[in-house]
Amino acid sequence: GENVEQHPSTLSVQEGDSAVIKCTYSDSASNYFPWYKQELGKRPQLIIDIRSNVGEKKDQRIAVTLNKTAKHFSLHITETQPEDSAVYFCAVDPPGNTGKLIFGQGTTLQVKP
Amino acid sequence: KAGVTQTPRYLIKTRGQQVTLSCSPISGHRSVSWYQQTPGQGLQFLFEYFSETQRNKGNFPGRFSGRQFSNSRSEMNVSTLELGDSALYLCASSLEVGNTIYFGEGSWLTVV
């Protein structure tokens, strides 16, 4: 089955710096890759997603890039702010309309003011 | 539009008891899935329902079960609770299978 690896597990940056989180997956037929942000005690919230027919997607300070050949996708946050501090999860929707997402282990991002 | 609603939000149970958690999806959403979140194992898929049918099940023992009603609301049940079942149980809904999923706030279960 699909396997998702997420790195790094923790990331500390200064306010205003950029942050990059990378995920690799195993099934080349997977075609949907969302990113979720989870603040302490809150629900995971979708922040951006990308489908396999697109190489990059941007939404203000957040972008996601997908390299299908290498089977990895990355979350890029520019001009980080303290409110970006949270746990970020990547996920992969495996092929076959399974109705499930396979999640990475999460990255704890700390943005220092 | 109201989001995914889960009840109860917090509960404490004793080993050996059973628990039922409830989820109301976003209006119009027909697919409901459940996830278990623990510090050690992260977010793990439990099962997914669409039109009252369980379409997929994760790698959990048979003590974990669920169902979906005709109005798309869903329940999950855990019988013979173990300490290791302590977790945040998240329900998520989507319009159709394969669409974006949206999570509820979760039900925090503590087994003592």
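Order of the sequence lines fixes the chain letters, A, B, ..., with proteins taken first and strands second; residue numbering starts at 1 for each chain. We use all heavy atoms of the structure for the numbers below, so side chains are in, but hydrogens, waters and symmetry mates are not.
Both the backbone and the side chain of B:Thr100 have a heavy atom closer than 4.5 Å to some heavy atom of chain A. No part of A:Pro34 comes within reach of chain B, as not one of its non-hydrogen atoms sits under 4.5 angstrom from that chain. Of the two parts of A:Leu101, the backbone and the side chain both hold a non-hydrogen atom closer than 4.5 Å to a non-hydrogen atom of chain B. For a residue to count as touching a neighbouring chain, one of its non-hydrogen atoms must lie under 4.5 Å from one of that chain's; by this rule B:Ser31 does not touch chain A.
When the side chains of ILVMFWY residues are joined at heavy-atom separations under 4.5 Å, either directly or via intervening members, A:Ile102 and B:Trp34 end up in two distinct hydrophobic clusters. One hydrophobic cluster, built from ILVMFWY side chains closer than 4.5 Å, cannot hold both A:Val87 and B:Tyr89; they sit in different ones. A continuous path of Ile, Leu, Val, Met, Phe, Trp and Tyr side chains, each step under 4.5 Å between heavy atoms, connects A:Val111 with A:Ile47, placing both in one hydrophobic cluster. Taken together through direct or relayed side-chain contacts under 4.5 Å among Ile, Leu, Val, Met, Phe, Trp and Tyr, A:Trp35 and B:Tyr102 form parts of separate hydrophobic clusters. A:Phe33 and A:Ile62 fall within the same hydrophobic cluster, defined by Ile, Leu, Val, Met, Phe, Trp and Tyr side-chain heavy atoms under 4.5 Å apart, directly or through other members.
Rounding to the nearest 0.5 Å places CG of B:Leu43 at 10.0 Å from OH of A:Tyr36. With rounding to the nearest 0.5 angstrom, the CD atom of B:Gln41 is 15.0 Å from the CZ atom of A:Phe103. Between the CZ atom of B:Phe103 and the CD atom of A:Gln38 there is a distance of 8.5 Å, given to the nearest 0.5 Å. For the atom pair CG (A:Asp49) and CD1 (B:Ile101), the distance works out to 11.0 Å, reported to the nearest 0.5 Å.
No more than 12 heavy atoms of other residues, nucleotides or ligands shown are found within 6.0 angstrom of CD on A:Gln60. More than 12 heavy atoms of other shown residues, nucleotides or ligands fall within 6.0 angstrom of atom CG in B:Leu83.
Of all residues in residues 50-74 of chain B, those placing a non-hydrogen atom less than 4.5 angstrom from a non-hydrogen atom of chain A are B:Arg55, B:Asn56. Along residues 9-19 of chain B, no residue comes nearer than 4.5 angstrom to chain A, judged on non-hydrogen atoms.
Residue pairs meeting the disulfide bond (SG atoms under 2.5 Å apart) criterion with at least one member in residues 84-113 of chain A, sequence neighbours excluded: A:Cys23-A:Cys90.
Of the listed residues A:Arg43, A:Gln105, A:Lys42, the one with more heavy-atom pairs under 4.5 angstrom with chain B than any other is A:Arg43. Considering only heavy-atom pairs separated by less than 4.5 Å from chain A, the leading option among B:Gly104, B:Gly42, B:Ser94, B:Gly106 is B:Gly104.
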Could you go through the salt bridge (charged side-chain N to carboxylate O under 4.0 Å, His left out) check for A:Lys100 and B:Glu48 one step at a time?
-> CA-CA 7 Å; A:Lys100 72 178 179 184; B:Glu48 188 265 348; over 6 Å; no
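Contacts of B:Phe45 classified as ring pair (Phe, Tyr, Trp, His ring centres under 6.0 Å), with partners at least two apart in sequence or in another chain: B:Tyr35.
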